[in-house]
Amino acid sequence: MNKKSWLRVLNSCSNNLKSKTCGERRRTIQNRKWAGLFAIVVALTVCGARAEAQQPTKIPRIGFLSLAPAGPRVTHEAFRQGLRDLGYIEGQNIVVEYRTAGDRPDRLPALTVELVSLKVDVIVAAGSQAVHAAQQATKTIPVVMTSSSDPVGTGFVASLARPAGNITGLSLLSPDLSTKRLELLKEIVTRLSRVAVLWNPDDPAAKLSLRETEEAAKELAIQLQTLQVRGANDFDSAFQHASKGRAQAAVLLPAPIMNARAGQIAELASKNRLASISFASEFPDAGGLMSYGVNLADLYRRAATYVDKIRKGAKPADLPVEQPMKFELVINLKTAKQIGLTIPPNVLVRADRVIR
């Protein structure tokens, strides 16, 4: 083989070797590029997952609207306990914005607007006046009633079974309560014929309670003296009128002001030696004679279950309003002794709780 032939062979081999080497290099570079892209995708996916996991969950914010004065209350604590029973801990997985009007109903609208501006998830309204203020302020934020004497009659809901709007919760409605309170007074007061009725005409549900009490009085042959009380300054004059009207006993109709001023009312009733009965146990606990009605603490505790259901997606329009199922009679024997009254054994035996 001559020199030229050898050169051709060497060149051919060299070209083939270069071609093979370049191909391998290209494949190596491409593989590295794909590996790099894959690593970037994995890194982005992991970072995104971590960012999503680290993103804080929205803590539900609840508005609590009440007419009662600020400060610790049995009913408010019952609501907090209801939340705790459902796993909610204030400041950790739930925030409650408390707004109390301090016995001034005129402050309720502004307080409600304040809660709406905070974009709370639910408004818990304690009492009919608070519910009315919430109803006027919003048609979209769910409202949970803790206690309303007549949610249908006041226009809060379309019906107890199908509320239809943004309001639901718990009702105090029970037609027999007014009759039973007067019957209890008649059992412990000899020849009872005249009873003073303290009621707040500004409370949306008060008219129903008054009408029921008037009907019960007719059946029991009792003459009523109706006395309006809108604020703390009205109670002194109310009891003065009751004394002038020769009232032998006093009935407190459901309204937040009656609970908020339970101690003041109890003192005035004892001073005028009047047998007195309220709708809530806070009254005898504060020195009043008796109470017969719904366990309010139980209602506030159950209100927390409505908050929980709504937080989990339920609509107020589809949550039936609950009627009271548990009633209790509480008697304060110390007060009975103070006003010179003996409670008959057949009444004492029916009491759920006796304060001695």
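A side-chain donor-acceptor contact under 3.5 Å links Arg273 to the backbone of Ile339. Asn295 places no side-chain N or O within 3.5 Å of a backbone atom of Lys326 that could act as its donor or acceptor partner. Listed for the Gln264 side chain is a donor-acceptor partner under 3.5 Å among the backbone atoms of Ala232. Within the 3.5 Å criterion, the main-chain N or O of Ala266 finds a donor-acceptor partner in the side chain of Ser270. Checking side-chain atoms of Thr75 against main-chain N and O of Ala297 turns up no donor-acceptor pair under 3.5 Å. At least one donor-acceptor pair under 3.5 Å links the side chain of Arg350 to the backbone N or O of Asn346.
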Candidate pair Tyr300 and Gln81, rule side-chain contact (heavy atoms from CB on, under 4.5 Å), full reasoning:
CA-CA 9 Å; Tyr300 278 71; Gln81 184 59 53; over 6 Å; no
Side-chain donor-acceptor pairs of residues 308-320 under 3.5 Å, sequence neighbours excluded:
residue: Asp308; atom: OD1; partner: Tyr88; partner atom: OH; Å: 2.6
residue: Asp308; atom: OD2; partner: Lys312; partner atom: NZ; Å: 3.2

With a 3.5 Å cut-off and sequence neighbours excluded, list the donor-acceptor pairs that the side chains of residues 284-292 form with protein atoms.
residue: Asp285; atom: OD1; partner: Arg353; partner atom: NH1; Å: 2.9
residue: Asp285; atom: OD1; partner: Arg353; partner atom: NH2; Å: 3.2
residue: Asp285; atom: OD2; partner: Arg353; partner atom: NH2; Å: 3.3

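Using bins of under 30°, 30° to 60° and over 60° for the plane-to-plane angle, the ring pair Tyr98/His76 lands in the parallel bin.
Atom NZ of Lys139 has more than 12 neighbouring heavy atoms from other residues, nucleotides or ligands inside a 6.0 Å radius.
We find the CD-NZ distance between Gln338 and Lys271 to be 12.5 Å, quoted to the nearest 0.5 Å.
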